[in-house]
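The chains referred to below are lettered A, B, ... by the order of the sequence lines, with proteins before strands, and numbering in each begins at 1. Any value given below was found using the heavy atoms of this structure, including those in side chains, with hydrogens, waters and symmetry copies removed.
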Number of protein chains: 2
Amino acid sequence: MPKKDDFDLQEFLPYLLNQAAEASSMAFQKIYKSRYGMLRTEWRVLFHLGIYGRMTANEIGRRSNMHKTKISRAVAKLEERRFLTRERSAGDRRQEMLELTQAGRTAYRELREVAMAYDDELAAQFSPQEQRVLRAALKKLAQTGRAGGPYL
Amino acid sequence: MPKKDDFDLQEFLPYLLNQAAEASSMAFQKIYKSRYGMLRTEWRVLFHLGIYGRMTANEIGRRSNMHKTKISRAVAKLEERRFLTRERSAGDRRQEMLELTQAGRTAYRELREVAMAYDDELAAQFSPQEQRVLRAALKKLAQTGRAGGPYL
DNA sequence: TCTTGTTAGTTACAAAATCAACTGTTAGCA
DNA sequence: TGCTAACAGTTGATTTTGTAACTAACAAGA
């Protein structure tokens with residue numbers, strides 16, 4: 001019988017995190033995909049504008065850590081669907097201010113309700129203590145490779 | 001001043017998990033990509049065979065939760081690079097037994113060392129208690145949408 | 001044995017992500 | 001002013017993924 005290796009893939013954090021992320025994204029994805037035909041990048045842009053209000057594509061990129069080409073395409077899609085408008089900045093004409101339309105805000109609010117309910121369901125599996133530890137740990141891990149975090 | 005929305009994207013678990021997963025995968029990805037030209041699916045297949053020994057593509061799929069087309073392509077790539085061999089099963093000639101070659105085992109062992117060291121580094125940010133809570137929570141979340149878990 | 005249904009794995013095509021090069025604009029400075 | 005470098009955002013080419021349809025093999029019952 002061939003010696004079984006003792007490395008446990010299920011304990012390897014990058015792998016485990018990916019499994020958890022994918023599994024927990026599924027149910028939410030089904031909704032924004034089927035209900036609005038959106039992509040992941042699209043709901044993210046929608047949420048950034050819904051939560052923080054007017055901002056440029058660049059700032060969305062800094063906050064969300066998505067590449068600017070992804071954002072550019074997501075913005076184009078959302079504009080096409082009349083969920084947002086762009087306005088070239090007077091001060092710096094390279095950048096455009098993005099802002100949700102009424103329809104965009106409505107979509108955002110609906111999806112936000114779904115997200116909140118879903119998050120509650122996910123979190124309900126854990127004690128308040130566990131939730132705190134989990135969220136704090138995930139935030140730390142999300143800093144991996146950035147200034148201030150390890151591995152850079 | 002427009003009312004700032006109170007939904008906190010940084011607390012939304014699917015989003016937070018994704019951020020943590022991506023950030024923490026980066027450093028490891030750099031290594032298997034630059035050193036072996038591998039894709040995520042490829043190191044996963046390599047690891048499954050390295051850890052558990054001979055198995056079929058199908059079983060890798062069940063364990064890793066990757067779609068069979070991804071696995072099929074990863075296996076083809078790994079075979080091309082002479083990291084594994086396939087052998088059609090005598091009992092059921094639809095399936096093929098996959099097994100690492102010597103070169104495959106060497107690559108696996110090297111990457112395993114990297115993975116273990118990296119995981120240690122990541123985990124070092126947390127107390128033993130926090131680590132237990134984190135890993136347990138991630139395993140639960142990874143079950144989301146499966147039989148036995150919520151949302152199905 | 002024939003039919004029907006299921007399974008393992010592959011392939012073809014469409015959708016999406018990545019990467020590099022591009023446009024137009026601003027900023028710094030000689 | 002005129003030159004160069006940097007920056008915001010877009011576009012096009014390539015790579016990777018996802019979806020569906022496919023082949024080949026098995027299984028089970030009429």
Atom [atom1] of [X] to atom [atom2] of [N]: distance rounded to whole Å?
| X | N | atom1 | atom2 | value |
| --- | --- | --- | --- | --- |
| A/Lys68 | D/dA6 | NZ | P | 14 Å |
| A/Asn58 | C/dG24 | CG | P | 20 Å |
| B/His67 | C/dA15 | NE2 | C1' | 15 Å |
| A/Gln29 | D/dG18 | CD | C1' | 11 Å |
| A/Arg44 | C/dA17 | CZ | P | 10 Å |
| B/Arg86 | C/dA8 | CZ | P | 15 Å |
| B/Asp92 | D/dA28 | CG | P | 12 Å |
| B/Ile60 | C/dA8 | CD1 | P | 13 Å |

Between B/Tyr36 and B/Glu42, a side-chain donor and acceptor under 3.5 Å: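 Result is no, nothing qualifies.
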
Is there a side-chain polar atom (N or O) of [X] under 4.0 Å from OP1 or OP2 of [N]?
| X | N | result |
| --- | --- | --- |
| B/Ser72 | C/dT10 | yes |
| A/Arg62 | D/dC7 | no |
| B/Lys70 | D/dG18 | yes |

Between B/Thr41 and A/Glu59, which has a closest nucleotide on DNA chain D that is more 5'?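 The 5'-side residue here is A/Glu59.
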
Selection from C/dA17, D/dT17, C/dG9 that lies nearest to any side-chain heavy atom of A/Leu39: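 For the A/Leu39 side chain, the nearest candidate turns out to be C/dA17.
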
Nucleotide nearest B/Arg94 when distance is taken to its side chain, options D/dT16, D/dA25, C/dT10: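 Within the option list, the nearest is D/dA25.
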
Quick one: the side chain of A/Arg93 and the base of C/dT25, do they pair up donor-acceptor inside 3.5 Å?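 By the distance-only test, no, there is no pair.
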
Report yes or no: is there a donor-acceptor pair, N or O only, under 3.5 Å between the side chain of A/Arg73 and the base of C/dT18?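 Between C/dT18 and A/Arg73, which were checked side chain against base, a qualifying N/O pair under 3.5 Å is present.
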
How long is the span from the CG atom in A/Leu98 to the CG atom in A/Leu84, to the nearest 0.5 Å?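 It is 6.0 Å, given to the nearest 0.5 Å.
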
Between B/Arg86 and B/Glu99, is the closest basic N to carboxylate O distance under 4.0 Å?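 Result for this pair is no, no salt bridge flagged.
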
Ion pair present between A/Asp119 and A/Arg135, side-chain N to carboxylate O less than 4.0 angstrom?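 Result for this pair is yes, salt bridge flagged.
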
Using the closest heavy atom to pick a nucleotide of DNA chain C for each, name whichever of B/Lys33 or B/Thr56 lands nearer the 5' end.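 Residue closer to the 5' terminus by nearest nucleotide: B/Thr56.
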
Nearest heavy atoms of B/Gln131 and B/Phe126, plus distance in Å: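 Where B/Gln131 meets B/Phe126 most closely, the heavy atoms are NE2-O, 3.4 Å.
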
